[in-house]
Amino acid sequence: MTKHQIILDLPQWIDEVVDWDKVYTTDDEKMALAVELSRQNVQRGTGGPFGSAIFDIDSGKLLSVGVNRVMPLHNSTAHGEMMAIMLAEHKLQSFSLSADGVRRELFTSCEPCAMCLGGTLWSGVKRLVCAATADDARAIGFDEGPVYDSSYAYLKQAGVEVVRLVQRDAANNVLQHYVGSGGTIYNG
């Protein structure tokens, strides 16, 4: 009998890097985690140079994390943001990260591609915080798809606060290290 299922998982090292009990109080602390996840993913050879984390806005508690797993999982949708969103929704047993009345935020080491920007909207997060820019990702060869200023305006109109350029240099350094060390640009 053939099973029809897909298993998406994070690398085993995640729990070595993530302090699940820590309360994150600043944007810099939260983004430092997303960037560190991207760095570890590259250094350990477990995926592409992108990391994300989802927090409860009011308490600063970490709900989930994600790293890019496109190549090891043979799945073009296994981006860091999508992995974090899927794991958070699974943990909450809800298709919306705001259905329980708790406001949540997504921190990502790079501005989202078109798919992840759509996923951000559909996820129900109320805040999106980005580090490196889509231009930084394009500069090393990644195609971020049709993302425009109007895409971010749409998010804002839908009630999602957008903050950009938090720790851009640190996140861009991970992108540069990835391409400099021969990392595969899988959609270029």
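Transitive grouping of hydrophobic side chains (ILVMFWY, heavy atoms separated by less than 4.5 Å) keeps Y152 and L165 in distinct clusters. Cluster membership check: W122 does not share its hydrophobic cluster with L8, using side-chain heavy-atom separations under 4.5 Å among Ile, Leu, Val, Met, Phe, Trp and Tyr. Placement of I185 and V67 within a single hydrophobic cluster is found when ILVMFWY residues are connected by side-chain heavy-atom separations under 4.5 Å, directly or transitively. Note on V163: it clusters hydrophobically with M31, by side-chain heavy-atom contacts below 4.5 Å among ILVMFWY residues. Note: the hydrophobic cluster containing I6 also contains L73 (ILVMFWY, side chain heavy atoms under 4.5 Å, direct or indirect links).
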For this session: May I have the step-by-step check of side chain to side chain contact (heavy atoms under 4.5 Å, CB included) for Y154 and L121, ending in yes or no?
Result: CA-CA 9 Å; Y154 190 97; L121 173 68; 3.7 Å; yes

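Proximity of a side-chain donor or acceptor of Q40 to a complementary backbone N or O of E36 within less than 3.5 Å is not detected. A donor-acceptor pair is defined here as one N or O able to donate and one able to accept, closer than 3.5 Å; no such pair exists between the side chain of R39 and the backbone of V174. Without hydrogens or angle criteria, T133 side chain to D136 main chain gives a donor-acceptor distance under 3.5 Å. Panel note: side chain N172, backbone D169; no donor-acceptor pair is recorded below 3.5 Å.
By the 4.5 Å heavy-atom criterion applied to side chains, L10 and L87 are counted as neighbours. When side chains are defined from C-beta on, L37 counts as touching I14, because their heavy atoms get closer than 4.5 Å. In this structure, S98 and R103 have side chains that are not in contact, with every pair of non-hydrogen atoms separated by 4.5 Å or more.
Expressed to the nearest 0.5 Å, how far CZ of F95 lies from CD1 of I85 amounts to 14.5 Å. The CG atom of L106 sits 11.0 Å away from atom CZ of R127, with the distance rounded to the nearest 0.5 Å. Atoms OH and CD1, from Y178 and I140 in turn, are 7.5 Å apart once rounded to the nearest 0.5 Å. Atom SG of C116 and atom CD of E81 lie 4.0 Å apart (nearest 0.5 Å). Of the inter-residue distances, the one linking H79 atom NE2 with M83 atom CE reads 11.0 Å to the nearest 0.5 angstrom. Taking CG of L117 as the start and CD of E111 as the end, the distance is 9.0 Å to the nearest 0.5 Å.
Remark: aromatic rings of F50 and F142 are close, center separation under 6.0 Å.
There is no side-chain donor-acceptor pair under 3.5 Å between S94 and E89. A donor and an acceptor atom, one from each side chain of N41 and S38, are nowhere located under 3.5 Å apart.
D143 has no carboxylate O lying under 4.0 Å from a charged side-chain N of R138, or vice versa, which leaves the two without a salt bridge. A salt bridge links E16 to R44: at least one charged side-chain nitrogen sits closer than 4.0 Å to a carboxylate oxygen. With salt bridges taken as basic N to acidic carboxylate O contacts below 4.0 Å, none links E161 and K156. Checked for salt-bridge contact, R168 and D135 miss the test: no charged N lies under 4.0 Å from a carboxylate O. R69 and D9 are joined by a salt bridge, as a carboxylate oxygen and a charged side-chain nitrogen come within less than 4.0 angstrom of each other.
Within a 6.0 Å sphere centred on CD of Q12, heavy atoms belonging to other residues, nucleotides or ligands number 12 at most. Surrounding CG of D149 are at most 12 heavy atoms belonging to other residues, nucleotides or ligands under 6.0 Å away.
Across all their heavy atoms, S59 and V23 have their closest contact at O-CG1, 3.2 Å. The heavy-atom pair separating C130 from C110 by the smallest distance is CB-C, 4.5 Å. Minimum heavy-atom separation, A34 to S109: O-CB, 4.0 Å. Residues I54 and L62 come closest through the heavy atom pair O-CD1, 3.5 Å. Nearest heavy atom pair, residue P112 against residue E144, reads C-OE1, 4.2 Å. For L128 against V160, the heavy-atom pair with the smallest separation is N-CG1, 4.0 Å.
Pairs passing the ring pair (Phe, Tyr, Trp, His ring centres under 6.0 Å) check and including a residue from residues 4-33, sequence neighbours excluded, read Y24-F55.
K30 pairs by the salt bridge (Lys or Arg N to Asp or Glu O under 4.0 Å) definition with E105, not counting sequence neighbours.
With V166 as the fixed residue, the side-chain contact (heavy atoms from CB on, under 4.5 Å) test singles out one of V129, V35, T108, T26: V129.
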